[in-house]
Asks: 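This structure is in structure tokens; I'll ask about it shortly.
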Amino acid sequence: MTDFSKTISFIDSIILNDVQRSAVLYNEGPQLVFAGAGTGKTRVLTAKIAFLIKEIGLFPNNIFAATFTNKAASEMRSRVEEMIGISCTGLWIGTFHSLCARILRRDAHHLGFTATFTIYDQQDQLSLIKKVMKEMGLEERTMQPKQVLRIISNYKNACIPWEELEDTGKSYYERELIQVYKQYQQALGHAQAMDFDDLITNTVYLFRKNVQVLERYRKQFHYVLVDEYQDTNKSQFYLVQLLARNHHRIFVVGDDDQSIYSWRGAQIENILTFDTVFPGTKVFKLEQNYRSTQAILDFANAVISNISNRAAKRLWTSRRSTSEVVVTRYRDDRQEADGVAEKISEYITKGITPGSMAILFRTNAQSRAFEDVLRKRNIQYVIVGGISFYERKEVKDCLAYLRLLVNPDDTISCERILNVPARGIGTKTQEKLALMALEKGVSLFKLVVSREYDAVGARASKGLEEFATIFSLLLELSENKTPPQDILSEMLSVTGYVDLLDAEDTGESRARLENINELLNALTIWHEENEGRTLSDFLEEISLATDIDGWKHEKDAVNLMTLHCAKGLEFEVVFLVGLEDGLIPSRQNFEDDCMLEEECRLFYVGSTRAMNTLTCSYADTRMRFGSIMPMEPSRFIEQVPPQLFRFVDRSMLFSQTVRPYTERRKKRVVVTKKQERPARPVYDDFNQDTVQYRMGQVVAHSKYGQGKILAISGFGPDMRLTVLFNDGSRKRLMAKFANLQPV
DNA sequence: TTGTTTATTCTTTTT
DNA sequence: GAATAAACAA
């Protein structure tokens, strides 16, 4: 055993429990740390890195640490720096994608790529696959591009190149698919582009193909650490194995109960069979939860207990419960949103910071109802994730211009902006140009800029000339090392992009201009903070940004995000909403037991985000796909013993209110499994002092006389009634002051 | 070729 | 209900 007695004082300065401490100090070989939710995983990982540098004497750049988000990476980096008081700029910490991009920028020339290759996001991938399929004459009807992309992604995640698949296709369909895969990869190559999967797989291919390169990195990385190991896929596993196979200095942390990314190729087996791949693995189990109260943990444990194949563990806590878990039934999604918002404002009044509360949902589409109702109540909120800033049309247009300056082979970007803003280069001209480019063996962009294209129509010819002129100006600026924000603003004025939006002058166009301004600001700030780095670095950074990366925990804003996005976070108060069959578990996963289990784990992940208060809810009906759908409570809720939560039924509060969809509701009542529902409605203490009203009801007012209720909005103390009185006047009244008497 | 309208699919989840 | 594709007029 190595003697670390002299190190005790350093490690003691970090608060660790016994298991955490021994996991940090162990230095005899491969380590697998099972870290349940809220057990201080990040702390262990950070302490481990600090220990390796400070006590084992590794240099920061000897360490390869893969985290799940860039945000986690930069936080860990600064925590390590705090612990050891040494700058850790050399530390290789980041997502697998960022780390691989870094390797590939340096070494992808061995694979025939330039150092400035472009990273294609999902939109770009889709455009490219559609183009490839069109060239092959495949109908989108027979093969859905998205589906094709998913299959290709699966191949890549398993590190199976198309070369291995050629001539193995059993059916016509399969053979065509493999051809698409081949064409797609070759198109990526021609465009000097890689998609997200390529970043990992190409790194693996590089290491497999080129032993010298692999050896160089093996020598550099004395230690490999992986966070969220349960969410790694096969290619990531190969990568880790290639780096650590010889020295076995590997440390992985994860929790099989929180594996929620199998649809992205993640293999839960990676963590469950780790000790057979790395013999002599020492397993550590972190089971003390520091986050949640007993009630929340009991609830979560009950949720996860329905899963068959899991590593044995039992979370415990010493935190006594302050409140019970509540499950609320609502009539529809709007009432749910309103109920949650109402609770939130109650908590705010009690002095709980909005920033310590979160609303978690299964799909991004669910956020809208909450946004509306929070805005109405003047409660600040942030949506974490969702439609990324960098995915907006106008932003992507700008980025496409910049990308072309860095990578003239990037055909997808070129096609995107060749006619944006419109300059008379229509689809027909573009098709002609594509053909010419193919014949001459140059990229579309090079063809146009060098003006080597043959005759085209007069209008198109003028447009192309304009495009070429614009770019010769921009390229010149770029070569003269003009700051990127200046290049961009030059492009915006010379193309007339801004003028067009200015002229439009609608709410939408103004929002777009604002986004463009924000992009200019972001570029300026980045340029100031990253002296010496190139435009290519900026473009990479934003392509690989994770949803959570841009999120700064604001004190005054309630957080809205998907369950996936919430992984690794914690909040004092959590609202888990939309707990209905079809949503969670998602309808698409009904058929597959493995996927159903994953949905269950997702529910578990959501529940364990809560520190003090957990409120779950579901609705009887919900607006989906533009129409109202009847919903059933999630089967996962029904699997939890009823004594572990308090059931509150608010669905009967008003017989009819916002939407009069009586027919659907009648139908729905028949379908209801009455016995399986927790008994009779238990009315929340919420509404005791308000009177029940319904639409169409005839009421009397002390001053205005008799009238009929036309509409009801809000509820509880905020309920407002629109009443048509017999004298023909229409009044909007606060229910609690109006004192209306039923007639 | 461009800008309108209409039809259709779509929602899981993300690097 | 929104975003995209197809269909159509100018």
Side-chain angles (χ1 to χ4, degrees), chain A residues 66-73 94-101 119-123 125-127 130 140-141 144-146 150 153 156-157 194-201 228 231-233 235-236 259-266 360-369 384-388 390-391 393 419-431 456-460 462-463 504 540-549 561-567 578 580 582-590 592 595 598-599 601-603 605-606 622-629:
Chain A
T67 57
F68 203 66
T69 65
N70 293 307
K71 184 182 161 68
T95 60
F96 271 106
H97 292 88
S98 319
L99 293 168
C100 286
I119 298 167
Y120 276 0
D121 68 12
Q122 220 159 8
Q123 277 179 50
Q125 287 180 52
L126 203 60
S127 311
K130 281 182 185 170
E140 285 193 15
R141 249 166 273 233
Q144 272 196 329
K146 272 193 186 153
R150 225 199 63 227
S153 175
K156 291 201 206 176
N157 285 329
M194 298 192 194
D195 66 20
F196 287 128
D197 301 321
D198 286 333
L199 292 173
I200 320 280
T201 44
E228 305 283 9
D231 286 326
T232 52
N233 63 31
S235 59
Q236 291 164 342
S259 155
I260 53 173
Y261 279 98
S262 76
W263 51 272
R264 207 165 84 182
L360 308 182
F361 34 77
R362 177 67 234 267
T363 66
N364 281 309
Q366 285 167 262
S367 76
R368 182 169 229 106
V384 186
I387 323 104
S388 155
Y390 294 106
E391 282 165 23
K393 284 180 212 78
N419 199 30
V420 175
R423 42 176 91 89
I425 309 168
T427 33
K428 263 204 169 145
T429 315
Q430 291 203 29
E431 274 168 25
V456 287
R459 192 140 58 127
K462 205 174 152 231
E504 205 179 305
E540 173 181 315
E541 215 167 277
I542 59 177
S543 326
L544 297 181
T546 57
D547 266 349
I548 201 103
D549 289 344
M561 67 189 89
T562 63
L563 289 165
H564 283 89
C565 205
K567 196 170 79 154
E580 294 136 36
L583 231 40
I584 179 163
S586 166
R587 181 161 297 282
Q588 275 107 316
N589 291 335
F590 276 0
D592 184 336
M595 294 311 286
E598 180 152 315
E599 296 277 328
R601 289 195 293 267
L602 200 50
F603 183 20
V605 168
R622 176 173 298 278
M623 189 72 134
R624 291 193 81 194
F625 303 106
S627 60
I628 294 185
M629 313 275 280

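Quick note: numbers below take in every heavy atom, side chains included, and nothing from hydrogens, waters or symmetry partners.
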Asks: What nucleic acid atoms does A:N419 come within less than 4.0 Å of, heavy atoms only: base, sugar-phosphate, or nothing?
Replies: sugar-phosphate
Asks: Minimum heavy-atom separation for A:T67 and A:A73, please, with both atom names.
Replies: OG1-CB, 3.4 Å
Asks: Please enumerate all protein N or O atoms sitting under 3.5 Å from an N or O of nucleotides 5-10 of chain C, with distances to 0.1 Å.
Replies:
from	atom 1	to	atom 2	distance (Å)
C:dA5	OP1	A:K130	NZ	2.8

Asks: For A:A365 and for A:S98, locate the closest nucleotide of DNA chain B by heavy-atom distance; then report the residue assigned to the nucleotide nearer the 5' terminus.
Replies: A:A365
Asks: Select one nucleotide: of B:dT14, B:dT15, B:dT11, the one nearest the side-chain heavy atoms of A:R624.
Replies: B:dT11
Asks: Any stacking of A:W263 on B:dT13, going by centres under 5.5 angstrom and planes within less than 30 degrees?
Replies: yes
Asks: Examine B:dT14: is either OP1 or OP2 under 4.0 Å from a nitrogen or oxygen in the side chain of A:N364? Give yes or no.
Replies: yes
Asks: Counting just side-chain N and O atoms, does A:T562 come under 4.0 Å of either OP1 or OP2 of B:dT14?
Replies: yes
Asks: Check whether any side-chain nitrogen or oxygen of A:K393 sits under 4.0 Å from OP1 or OP2 of C:dA3, and answer yes or no.
Replies: no
Asks: State which of C:dG1, B:dT14, B:dT1 makes the closest approach to the side chain of A:R459.
Replies: B:dT1
Asks: Return no unless some side-chain N or O of A:Q144 is found under 4.0 Å from OP1 or OP2 of B:dC10.
Replies: yes
Asks: Would you call A:R601-A:E598 a salt bridge at under 4.0 Å N-O?
Replies: yes
Asks: Measure across A:F96 and A:I200 and return the closest heavy-atom pair with its distance rounded to 0.1 Å.
Replies: CB-CD1, 3.6 Å
Asks: At less than 3.5 Å, do the side-chain atoms of A:R264 and the base atoms of B:dT15 form a donor-acceptor pair?
Replies: no
Asks: What nucleotide among B:dT11, B:dT15, B:dT13 has an atom nearest to a side-chain atom of A:R362?
Replies: B:dT13
Asks: Counting neighbours of CZ on A:R264 that are heavy atoms of other residues, nucleotides or ligands and sit closer than 6.0 Å, is the number greater than 12?
Replies: yes
Asks: Using only side-chain N and O atoms of A:T429, determine if any of them is under 4.0 Å from OP1 or OP2 of B:dT1.
Replies: yes
